[in-house]
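See structure below.
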Amino acid sequence: MQRSRVKDILNREAAGGPVLVQGWVKTRRSSGAVSFIQISDGSTLKDLQIVVEQSSPHYALVESLNTGCSVSVTGELVESQGRGQKYEVNAQTVQLLGPADPEEYPLQKKRHTLEFLREIAHLRPRTNTFGAMARVRNGMAYAIHRFFQERGFQYIQTPMITASDAEGAGSMFRVTTLDLQEPPRRDGAVDAAEDFFGRPTYLTVSGQLEAEIFALALSDVYTFGPTFRAENSNTSRHLAEFWMVEPEVAFCDLDGLAELAEDFLKDIFRYALDNCAEDMAFFNQWYDKSTIATLEGIINSSFERLTYTEAVKLLESSGESFEFPVAWGLDLQSEHERYLTEKRVGRPVVVTDYPRGIKAFYMRLNDDGETVRAMDVLVPRIGEIIGGSQREERPDILLERMQQAGLDAANYWWYLDLRRYGTVPHAGFGLGFERTVQFATGMQNIRDVIPFPRTPKNVEF
RNA sequence: UCCCCAGUAGCUCAGCGGUAGAGCGGGCGGCUGUUAACCGCUAGGUCGCAGGUUCGAAUCCUGCCUGGGGAGCCA
C-alpha cells in the first residue's frame, strides 16, 4: 500500500478505504478500552488521530508509544466519533519505526519557549510552530520565483565567493585555504598571492553587481540566494547568513522599480494568505493577532511615496521627541522609520531620493547634484524590508563617485565596462527573505524564520 | 560593539544571607471515546563558571561565559 500524507487524507471527500500513514507521535492518550495516537507527518499543521482498540494485538505496543516516536500505521479511514477532527483511522496494524526515550526526548506536549527550541534546532521542525514556518517559508520562496517567472525575468545564479567588496560596505567573511597557523608571508604581511585564488577573497554580501551584468544583456533578471555579513550584529533582525532576492531591470527608472517592489510584495503576501492559510492562521492566533489583517491591508492599499526631503520635514514637524536628531543629510534611524510607517502612514512607505553622502556610490545622481535615486521600502515593525536604487549608468559620473568613495576603480574595471559599452538606464532592489517571512508570520525574532540561523557565536547546526 | 535584564529539576519559574520548592514533563497505579484528557503516588538539582565578602552564599560583590530585549550597522 502506498503511504498517504496526512494532509491528503484530511482533505478527502469522504471517509472509507484502507490507508497507510507514517509519521511522528505528537501525543498519545488512553481511555478505557481505547488508545488515541496523534500523529503528524509535517504535510500539514493538523494531526491525524489513530484509534486503537484494546482488543488489538498491537495494543501493548501502542500503550508504550510516547511523544517523538515514529510509527507506521495501517487501518481504515472513518468518520470520527469524537469532536475535534473530521476523520480518524481505525488501526489494524501499528509498527514502531523508531523509539524516542521519553526520559531524554526534549520535546513535550506543552509549549516550549522559542529560546529553548533554538538550542534543539535539529528537533524543532517537529513542532507546530517550526513546521508551519517551514511551509510558509517554502510557499513564499515559490511565490517569489513564480512572480518573476510570470513576468519573464531570468533567474541568475551569482557567485558566493567574490574578490570585490560590493558597496564597500559591511565586514565580509574571508575565504582562504592558507594555513592560519603559519601563513606564507611577503615583506611581513600575509601573502595573498599564495592563496587559492591568488588574491584575497570573501563570501559575497550581494549579487547585485553580477546581476547588473546580466540585466545589461537579458534585460530582466533576478537572483535569489544566500548572502553573508560578518557584522557583529546582535538583534532580532540580523543574521550573518541570510537569503536575498535581487531583481535587476534594464530600461527601468526608480519609479518603475518602486512599482515593481510594490507589486512584488503584494503578490507574495497574497500567495502566503491564499496558499498557506492554515499555517498563517496559526501564526495569527499564537504569535501576532494582527498579522493577517496587516497583510490584507497591505495588499489592498497603495504604498505611500515620500522623498527623503519630505520625510525629514514630516519628522521635524511631527512633535515627536526622538532619541536621535532629525536633520537633512543625516540617515533615518530605526525610530524615524517606524514613526513614518507605523504612526504617520500606517502602511508601507517608499522613501526615495536620499542625500548622496549616505548612500552607495553606484546610485544614480539626481540633477540637483545632492541626492541620489535610492529607495527604501519601510514596513511596520520591521522597518526597512527593501533597499534599492536606479543605478548610475553614466561612466564619467560613476567613476567620479567611486573615487569620492575611496574605491580603486581598477578593481571594478568590468563594472565600468558596462557603462562604457552599451550602457542603459537600469535599476534594482534587494529584499531580505528572512525579514519578509518574519514580517508575514509575525515572528518576533529572525532566528525563528530560518532553519539554521547563523549569528555571532552560533553555528551548532 | 554599546546599554539593560536573566541564567535554580528535562521544560517554565518561585525562593533573594540561616537545611533547595511548585507546576508541567518522566516513572508507577487508577479512571473515563479521549482532544496539550483527568486523579493519586513517586523519582529527579555541584542553584551558569571562577574568585571574593561572611560564622554561614542560590541569595551580597568582582570577572568571565551563555541567552534575551533595545541601539548601531544593515536586508
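Numbered from 1 within each chain, the chains take letters A, B, ... in sequence-line order.
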Heavy atoms under 4.0 Å, any strand shown: does A:Ile386 hit a base, just sugar-phosphate, or nothing? sugar-phosphate

Ignoring hydrogens and angles, answer whether the base of B:G33 and the side-chain atoms of A:Gln81 contain a donor-acceptor pair closer than 3.5 Å. yes

Using a 4.0 Å heavy-atom cut-off, does A:Glu119 contact any base of the nucleic acid, only the sugar-phosphate backbone, or nothing at all? nothing

Which of A:Phe148, A:Phe264, A:Phe214 passes ring-ring contact (aromatic ring centres under 6.0 Å, His included) with A:Phe153? Answer is A:Phe148

Check the orientation of A:Tyr354 and A:Tyr308. Use parallel for under 30°, tilted for 30 to 60°, and perpendicular for over 60°. tilted

Interatomic distance, CD@A:Gln49 vs OG1@A:Thr27, rounded to 0.5 Å, equals 8.5 Å

Protein-nucleotide distance (A:Ile446, atom CD1; B:G70, atom P), rounded to Å: 13 Å

Would you say the base of B:G10 and the side-chain of A:Gln108 have a donor-acceptor pair closer than 3.5 Å? yes

Taking 5.5 Å and 30° as the limits, would you call A:Phe36 and the base of B:G33 a stacked pair? no

Test your reading of the model: is there a side-chain donor-acceptor pair from A:Asp41 to the backbone of A:Ser43, 3.5 Å cut-off? yes

The nucleotide from B:G72, B:G33, B:U1 with an atom nearest the side chain of A:Glu53 is B:G33

Separation of the C1' atoms in B:G63 and B:G23, to the nearest angstrom: 35 Å

Strictly below 4.0 Å: does A:Thr27 bring a side-chain N or O up to OP1 or OP2 of B:A37? yes

I'd like to know if A:Ser233 reaches the base of B:C73 with its side chain such that a donor and an acceptor end up less than 3.5 angstrom apart. yes

When you check the side-chain N and O atoms of A:Glu393 and A:His426, is any donor under 3.5 Å from an acceptor? no

Separation of the C1' atoms in B:G27 and B:G44, to the nearest angstrom: 11 Å

Rounded distance in Å between the C1' positions of B:G67 and B:C13: 16 Å

Any side-chain N or O of A:Arg83 under 4.0 Å from OP1/OP2 of B:U34? no

Does the structure show a Watson-Crick or G-U wobble partner for B:C73, both distances under 3.5 Å? Name it, or say none. none

If only side-chain N and O atoms of A:Thr113 are considered, is one of them under 4.0 Å from the OP1 or OP2 phosphate oxygen of B:U12? yes

Taking N and O atoms by type only, does the side chain of A:His112 place a donor or acceptor under 3.5 Å from a partner on the base of B:C11? no

A:Asp101 atom CG is separated from B:G10 atom C1', nearest whole Å, by 11 Å

Checking all strands, does A:Pro106 fall into the base, sugar-phosphate, or nothing category for heavy-atom contacts under 4.0 angstrom? nothing

Given side chain to side chain contact (heavy atoms under 4.5 Å, CB included), test A:Gln85 with A:Leu48 step by step and report yes or no. CA-CA 8 Å; A:Gln85 59 280 319; A:Leu48 180 64; over 6 Å; no

I'd like the C1' distance from B:A14 over to B:C2, given in whole Å. 32 Å

Atom NZ of A:Lys109 and atom C1' of B:G10 are separated, to the nearest Å, by 15 Å

Side-chain donor or acceptor of A:Gln49 under 3.5 Å from a matching atom on the base of B:U34? yes

What is the nucleic acid contact for A:Phe116, judged by heavy atoms within less than 4.0 Å: base, sugar-phosphate only, or nothing? sugar-phosphate

Pairing partner of B:A43 (Watson-Crick or G-U wobble, both distances under 3.5 Å): none

So for A:Lys110 and B:C11, does any side-chain atom that can act as donor or acceptor lie under 3.5 Å from a complementary atom in the base? yes

Spacing of the P atoms in B:C16 and B:C11 (rounded, Å): 23 Å

Taking B:G10 as the reference, what is the distance to B:G51 when you measure between their P atoms (whole Å, please)? 24 Å

Rounded to the nearest 0.5 Å, what's the gap from CE on A:Met443 to CD on A:Glu434? Could you check? 13.0 Å

Counting distance alone, no hydrogens or angles: does the base of B:G69 have a donor or acceptor under 3.5 Å from a partner atom on the side chain of A:Gln444? no

Span that lies between the C1' atom of B:U19 and that of B:C61, in whole angstrom: 25 Å

Round to a whole Å and report the spacing from CG of A:Asp331 to P of B:A71. 15 Å

Among B:U1, B:C11, B:G72, the nucleotide that comes nearest once only the side chain of A:Asn234 is considered: B:U1

Result for 5'-nearest mapping on RNA chain B, choosing between A:Ser334 and A:Glu88, is A:Glu88

A:Asp376 CG to B:C74 P: how many Å, rounded? 10 Å

Has A:Arg29 got a side-chain N or O lying under 4.0 Å from the OP1 or OP2 atom of B:U34? no

What is the distance, rounded to the nearest whole Å, between atom CD1 of A:Ile358 and atom P of B:C74? 9 Å

In whole angstrom, give the distance that lies between atom CZ of A:Phe228 and atom P of B:C74. 20 Å

How do A:Gln333 and A:Lys457 order along RNA chain B: which one's closest nucleotide is nearer the 5' end? A:Lys457

Within the structure, does a side-chain N or O atom of A:Asn445 lie under 4.0 Å from either OP1 or OP2 of B:G67? no

Within the structure shown, what part of the strands sits under 4.0 Å from A:Arg447 by heavy-atom distance: base, sugar-phosphate, or nothing? sugar-phosphate

A:Asp47 CG to B:U35 P, in whole Å, measures 15 Å

Closer than 4.0 Å, any side-chain N/O of A:Arg237 to the OP1 or OP2 of B:A71? yes

Within 45 degrees of the axis of the six-membered ring of A:Phe147 and under 6.0 Å from its centre: does A:Arg151 put its NZ or CZ there? yes

Can you tell me how far P in B:U32 sits from the matching atom in B:U46, rounded to whole Å? 40 Å

By the 4.0 Å heavy-atom rule, please label A:Tyr105 as base, sugar-phosphate, or nothing. nothing

Between A:Ser72 (side chain) and A:Gln22 (backbone), is there a donor-acceptor pair under 3.5 Å? no

Is A:Ser236 close enough to B:G70 that one of its side-chain N or O atoms is under 4.0 Å from OP1 or OP2 there? yes

What is the pairing partner of B:G7, taking Watson-Crick or G-U wobble pairs with both distances under 3.5 Å in any strand? B:C65

Please evaluate the base of B:C24 for a donor-acceptor partner in the side chain of A:Arg111 within a cut-off of under 3.5 Å? no

